[in-house]
Enquirer: 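This is the structure I have questions about; it appears just below.
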Amino acid sequence: MLEAAVAGQRIVGAVAVVAQRGEVVYHRALGLADRDAGRAMTEATPFRLASLTKQITTIAALALVERGVLAFDQPVTRWLPDFTPRWGDAAPPITLHHLLSHTSGLGYGFLELADGAYHRAHVSDGLDQPGLGLAENLRRLASAPLWSAPGTRFQYSLSTDVLGGVLERAADAPLADVIAREVSAPLGLDGFAFTAQPAVAAALAVPYADGVHGAPPQPIRDGVPVPFDPFAVTFAPSRALDPASYPSGGAGLVGRAAPYLAFLEAVRTRRVPGVAPALIDRMLSSHMPEPENLMLGPGWGYGYSVAVLRDPAAAGSVLSRGSVRWGGAYGHSWWIDGARETSAVLLTNTTFEGMSGALRDDFQRAVHAAA
């Protein structure tokens with residue numbers, strides 16, 4: 001299936017890893033990491049992880065909740081006193097729970113039209129504007145009105161970037177250090193970073209955008225919008241190379257497939273040092289106020305940075321009830337199927353096919369059939 005996706009130019013390259021019952025049962029790299037240079041994809045190729053960053057930031061937050069540094073009902077202003085976006089004439093409190101569950105009332109610039117408030121305020125989605133600092137982006141974000149009252153509806157958003165700011169204040173450390181201390185070190189993982197060091201930068205997968213009308217995928221360029229019907233996403237691949245770029249807790253990490261699968265397995269088995277299993281249960285349970293959301297599709301809810309499968313039949317999914325998944329805009333997807341004791345990650349360098357295109361579901365069906 002993956003070979004056909006590469007041969008058919010649906011993607012340029014990919015790394016896939018699957019674990020069942022705690023054992024890696026499939027691992028493969030195929031295609032090219034850099035088409036122009038003819039550089040092959042390898043299992044050690046690092047990628048810009050985009051929204052696969054969210055789950056790692058979430059676990060770091062849960063570690064601080066476990067120690068009593070943070071609390072789910074704590075207002076964001078406890079740590080970010082100037083972060084007071086308005087809903088009408090008021091500035092309603094946004095809590096840690098709201099940030100984690102994306103019910104904060106915040107949004108994403110790529111989910112609004114070009115004349116929207118986020119665009120007018122030059123808010124970064126954590127994928128663009130190399131060199132922009134976190135304090136300035138939070139100021140811009142707070143200057144725009146909320147999309148809904150906190151707690152009333154799910155809206156995928158910059159909530160996890162705000163959460164990154166909370167973690168920095170609460171832990172009195174840069175977000176990179178917080179993640180290293182609370183996630184990478186306890187799990188023995190390496191390779192996650194917000195700024196790619198020279199050796200990693202040289203090995204990074206070059207990102208491509210889906211081809212139009214059957215054309216081959218084309219390299220993504222800084223500041224050039226990529227259509228995401230009916231909207232567009234603006235990327236800046238150079239962002240990962242610029243240490244002045246703020247550490248986006250929602251989209252900024254660079255990393256590899258194998259450590260990410262190890263992270264997923266720790267989440268699946270609830271074996272994350274310093275995070276109680278009950279907190280991970282809470283992460284993997286839906287907190288979505290409304291019964292259904294257009295972005296997630298029928299049968300899906302949303303937990304803490306993960307989509308939660310509530311009804312496989314309604315979703316048309318081969319995954320088991322209670323499975324969780326998410327993707328990354330540069331072309332990635334992953335899932336955990338607890339009932340089948342399976343975790344899988346597919347990192348591609350082709351957006352959006354690898355994230356939300358047919359390839360994501362093809363991969364799930366292929367793994368399900370092989371099992």
Side-chain angles (χ1 to χ4, degrees), residues 47-62 64 70 76 79-80 83 85 94 96-112 118 123-130 132-142 144 146-147 154-170 174-176 178-179 182-183 192-195 207 228 231 233-237 239-240 245-255 260 263 283 287 295-296 302-307 324-334 351-352 355-356:
F47 293 78
R48 297 163 176 85
L49 292 178
S51 286
L52 270 63
T53 305
K54 287 181 171 68
Q55 297 75 43
I56 293 175
T57 303
T58 293
I59 287 293
L62 294 183
L64 296 188
L70 296 175
V76 171
W79 303 104
L80 301 172
F83 191 78
I94 298 171
L96 185 72
H97 169 78
H98 293 148
L99 295 179
L100 288 163
S101 60
H102 287 247
T103 58
S104 64
L106 300 170
Y108 258 129
F110 67 78
L111 293 175
E112 67 174 7
Y118 282 30
V123 174
S124 169
D125 286 332
L127 295 165
D128 56 347
Q129 300 189 46
L132 179 65
L134 179 59
E136 173 59 18
N137 202 48
L138 292 179
R139 185 196 67 76
R140 296 177 186 182
L141 181 59
L146 292 171
W147 293 21
F154 165 77
Q155 175 61 60
Y156 194 48
S157 69
L158 281 156
S159 287
T160 319
D161 283 39
V162 180
L163 178 63
V166 170
L167 294 183
E168 290 197 338
R169 293 288 184 88
L175 184 58
V178 178
I179 286 175
E182 306 296 346
V183 183
F192 294 127
F194 286 105
T195 303
F228 185 51
F231 310 110
V233 180
T234 299
F235 297 90
R239 190 183 190 282
S245 300
Y246 80 83
S248 168
L253 282 176
V254 168
Y260 201 87
F263 166 76
M283 173 184 176
H287 302 283
M295 177 183 174
L296 298 173
Y302 196 83
Y304 285 171
S305 77
V306 299
V324 296
R325 76 179 186 188
W326 204 243
Y330 272 114
H332 319 312
S333 62
W334 65 262
T351 191
F352 297 99
M355 176 186 74
S356 56

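All values below come from the heavy atoms of this structure, side chains included, with hydrogens, waters and symmetry mates left out. All values reported here derive from a predicted model rather than from experimental measurement.
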Enquirer: Heavy-atom distance under 4.5 Å between the side chains of W79 and L163, does that happen here?
Expert: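 They are not in contact (no side-chain heavy atoms under 4.5 Å apart), so the answer is no.
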Enquirer: For D125 and Y118, test the side chains for any donor-to-acceptor distance below 3.5 angstrom and give the result as yes or no.
Expert: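 Short answer, no.
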Enquirer: How would you list, by chain and number, every residue that makes a ring-ring contact (aromatic ring centres under 6.0 Å, His included) with Y108, sequence neighbours excluded?
Expert: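 ring-ring contact (aromatic ring centres under 6.0 Å, His included) check on Y108 returns F110, Y156.
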Enquirer: Does any part of the side chain of Y246, heavy atoms only, come nearer than 4.5 Å to the side chain of R239, both counted from C-beta?
Expert: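 In short, these two side chains touch, coming nearer than 4.5 Å.
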Enquirer: Out of curiosity, H98 NE2 to S157 OG, how far, rounded to the nearest 0.5 Å?
Expert: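 Reported value, rounded in 0.5 Å steps: 11.5 Å.
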Enquirer: What heavy-atom pair brings L253 and T53 nearest, and what distance separates the two atoms?
Expert: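 For L253 versus T53, the nearest heavy atoms are N-OG1, 3.0 Å.
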Enquirer: What is the ring orientation for F228 with F352, classed by angle as parallel under 30°, tilted 30 to 60°, or perpendicular over 60°?
Expert: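 If you compare the ring of F228 with that of F352, the planes turn out tilted.
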Enquirer: What pairs with R169 under salt bridge (charged side-chain N to carboxylate O under 4.0 Å, His left out), at least two apart in sequence or on another chain?
Expert: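 For R169 there are no salt bridge (charged side-chain N to carboxylate O under 4.0 Å, His left out) partners, ignoring immediate neighbours.
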Enquirer: Determine whether a donor-acceptor pair (N or O, by modelled atom type, separation under 3.5 Å) exists between the side chain of Y260 and the backbone of L52.
Expert: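 Yes; at least one donor-acceptor contact below 3.5 Å.
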Enquirer: Find out whether P85 and L106 are in side-chain contact, i.e. whether some heavy atom of one side chain is under 4.5 Å from a heavy atom of the other.
Expert: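 Yes, at least one pair of side-chain atoms sits under 4.5 Å.
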Enquirer: Give, for atom CE of M355 and atom CH2 of W326, the distance between the pair rounded to the nearest 0.5 Å.
Expert: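 Rounded to the nearest 0.5 Å, the CE-CH2 separation comes to 8.5 Å.
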Enquirer: Output all residues satisfying ring-ring contact (aromatic ring centres under 6.0 Å, His included) with Y304, sequence neighbours left out; order by chain, then residue number.
Expert: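 Expected list: F72, H97, H287.
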Enquirer: At what distance, to the nearest 0.5 angstrom, does OG of S245 lie from CG of N137?
Expert: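 Answer rounded to 0.5 Å: 11.0 Å.
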Enquirer: Holding to side chain to side chain donor-acceptor pair (under 3.5 Å), I want the full list of residues that pass it with T160, two or more places apart in sequence or in another chain.
Expert: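 Partners of T160 under the side chain to side chain donor-acceptor pair (under 3.5 Å) test: H102.
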Enquirer: Suppose we screen for side chain to side chain donor-acceptor pair (under 3.5 Å). Which residues come up paired with S104, at least two apart in sequence or across chains?
Expert: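 S104: side chain to side chain donor-acceptor pair (under 3.5 Å) contacts with S159.
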Enquirer: Quick one: pull up OH in Y302 and OG1 in T103 and give me the separation to the nearest 0.5 Å.
Expert: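 The distance works out to 10.5 Å.
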Enquirer: Please list, chain by chain and in numerical order, all residues satisfying ring-ring contact (aromatic ring centres under 6.0 Å, His included) with F192, sequence neighbours excluded.
Expert: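 Once residues adjacent in sequence are excluded, F192 has no partner under the ring-ring contact (aromatic ring centres under 6.0 Å, His included) criterion.
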Enquirer: List the atom of G164, the atom of L175, and the distance in Å for their closest heavy-atom pair.
Expert: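 Heavy atoms of G164 and L175 come nearest at CA-CD2, 3.9 Å.
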Enquirer: Do E182 and I59 touch side chain to side chain, with heavy atoms closer than 4.5 Å?
Expert: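 No. Closest side-chain heavy atoms not under 4.5 Å.
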